[in-house]
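Only one structure is covered here, and it is reproduced in the block below.
We name chains A, B, ... by the order of the sequence lines, and we start the count at 1 in each one. None of the values given here were measured: they were computed from a predicted structure.
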Number of protein chains: 2
Amino acid sequence: MPALLSASAFALFAQKGFDGVNLDQIASHAGVTKGSLYWHFRSKHELVKAACTHYYRHYQRQINEEIAHLIDPGERLRHTLAVAVRTCLLDEANRVFTMEIFTLAVHDPEIRRGWQQFYDSVRCFYIGLVKAASLAGAVQTNDPEQAVNLMLATMEGIKLRALFEPEICSSEHELRVLRGLERILGMTPTPPIAV
Amino acid sequence: MPALLSASAFALFAQKGFDGVNLDQIASHAGVTKGSLYWHFRSKHELVKAACTHYYRHYQRQINEEIAHLIDPGERLRHTLAVAVRTCLLDEANRVFTMEIFTLAVHDPEIRRGWQQFYDSVRCFYIGLVKAASLAGAVQTNDPEQAVNLMLATMEGIKLRALFEPEICSSEHELRVLRGLERILGMTPTPPIAV
DNA sequence: GAAAACGCATACTGCGCGGTATGGTCGATG
DNA sequence: CATCGACCATACCGCGCAGTATGCGTTTTC
């Protein structure tokens, strides 16, 4: 039941924002009442943290599954980017939730540390991909870490643009954005692969 | 007095967030009371919009002043970027306020439209700079609009990173970020200029 | 100089919602 | 079968705060 409540919290937070949802709604969404909710969580803040953890786990599992079947380092990197871009442009819940986290993180050190940790693991993951792809000759960068940092920043920015310009959430723009990220990473241009 | 209240609202919002500040505090900051505040603004929402307008105006005036004395198109672009990067990394109030706007814009169409309009004007401004610099030979891009879009996305992402990694707010990182943005725009590398 | 309009302060209301107090049900334990 | 604790529902509290009612001094208008 705690897991179900976390999932409900995430779903509602990612739809209406932290301040747009009250505890009654979350409990109701999980099929229980507020009294039960407070048996598992001490406060709304605890529930927010639980929703964050839910998000982190979900994200990392998804990205691992997506490239589990690929062996070629270049393809692994390329496919990871493609999935990430698609998520940025199409997964509105993701966009909304991360925006909420960011704003909260500004004023809440605990939430901020959680996101820092998550983001570090994502960065390490990408650096590993880039280094492997570099050895395989699919990438030409003299500073993988710097390139990944720049690319990740761009990706976050893309998410913001998607928020304000729904028209860029098309497959045409998807490709263009992907090309941009690949250029930032120093990837050697190759024909697109199916996603 | 409305202008003073807008400025107070902006200052406090940019420090504690929209939900971290109440109307009494804003009125007090402006040296009046809530009764007076409601004489000039019909609701807290109106005040938020006023704070946004305050921000838009301030931003555009500042950027225009910064490059007013420059004539060479390449230098104009380079200096604009330098100032923008410095703002992203050092101006914490700016970061906090824009984050707040973004989160609000997700759920509020009116705020969203306001930001879209502002962002469009910023984009046009940059495209103009890039095209001029391109004619002057300081930039090599076949698609200025696309390049500016990517660069602006990266800049927003940098702001986010600055939020979570205070250590990148150093002059060393500032230069590195600047180089990254210039590369995205396709600028021909030249020795740095004093800011 | 009366009256209207403006600009502000004081005091109050209403309510949404986070949090609590309490009691009921059901399975495990001995 | 008595008891204890995990799990959940109902009902309630209280507080922060957006928004309102009202009144008072000062300026403008004719």
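A salt bridge between E46(B) and K49(B) is present, with a side-chain N of the basic residue lying under 4.0 Å from a carboxylate O of the acidic one. The existence of a salt bridge linking R78(A) and E75(A) is excluded, since no basic side-chain nitrogen approaches an acidic carboxylate oxygen closer than 4.0 Å.
Residue Q25(B) places its CD atom among more than 12 non-hydrogen atoms of other residues, nucleotides or ligands, all under 6.0 Å distant. Within 6.0 Å of CD in E165(A) there are more than 12 heavy atoms belonging to other residues, nucleotides or ligands.
Hydrophobic clustering of Ile, Leu, Val, Met, Phe, Trp and Tyr side chains at less than 4.5 Å, counting indirect connections, unites V122(A) with Y55(A).
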Working note: Q60(A) + S121(A), criterion side-chain hydrogen bond (donor to acceptor under 3.5 Å, both in side chains); need CA distance, chi angles, decisive distance, verdict.
CA-CA 9 Å; Q60(A) 287 175 322; S121(A) 73; 2.8 Å; yes

Between D108(A) and H45(A), is a side-chain hydrogen bond (donor to acceptor under 3.5 Å, both in side chains) present by the stated rule, with each step listed?
CA-CA 10 Å; D108(A) 186 324; H45(A) 190 250; 2.5 Å; yes

Checking E92(A) against V96(A) for the side chain to side chain contact (heavy atoms under 4.5 Å, CB included) test, could you report, in this order, the C-alpha distance in whole Å, the side-chain angles of both residues, the deciding distance, and whether it holds?
CA-CA 6 Å; E92(A) 193 178 343; V96(A) 175; 4.2 Å; yes

Mind running side chain to side chain contact (heavy atoms under 4.5 Å, CB included) on F13(A) and I26(A) for me, showing each step along the way?
CA-CA 9 Å; F13(A) 286 154; I26(A) 295 174; 3.7 Å; yes

Apply side chain to side chain contact (heavy atoms under 4.5 Å, CB included) to residues L152(B) and V148(B) and explain how you reach the verdict.
CA-CA 6 Å; L152(B) 284 177; V148(B) 165; 3.8 Å; yes

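Without hydrogens or angle criteria, R183(A) side chain to I184(B) main chain gives a donor-acceptor distance under 3.5 Å. Looking only at distances, no side-chain donor or acceptor of R95(B) sits under 3.5 Å from a matching main-chain atom of L160(B).
Between Y59(A) and F118(A), the ring-plane angle classifies as perpendicular under the 30° and 60° cut-offs.
A 4.0 Å heavy-atom criterion places the boundary nucleotides of DNA chain D facing chain B at dC17(D) to dT20(D), written 5' to 3'.
Pairs passing the side-chain hydrogen bond (donor to acceptor under 3.5 Å, both in side chains) check and including a residue from residues 129-156 of chain B, sequence neighbours excluded, read T154(A)-T154(B), R123(B)-N149(B).
One axis for each end of the helix from dG1(C)-dC30(D) to dG30(C)-dC1(D), each built from five base pairs, and the angle between them comes to 10° at 10° resolution.
Aromatic pair F102(A)/F102(B): ring centres not closer than 6.0 Å.
Within residues 29-44 of chain B, the residues that place at least one heavy atom under 4.0 Å from DNA chain D are, in residue-number order, K34(B), Y38(B), S43(B), K44(B). Residues from residues 3-11 of chain B lying near DNA chain C, meaning a heavy-atom separation below 4.0 Å, are absent. Within residues 20-27 of chain A, the residues approaching DNA chain C are V21(A), N22(A), L23(A), by heavy-atom distance under 4.0 Å.
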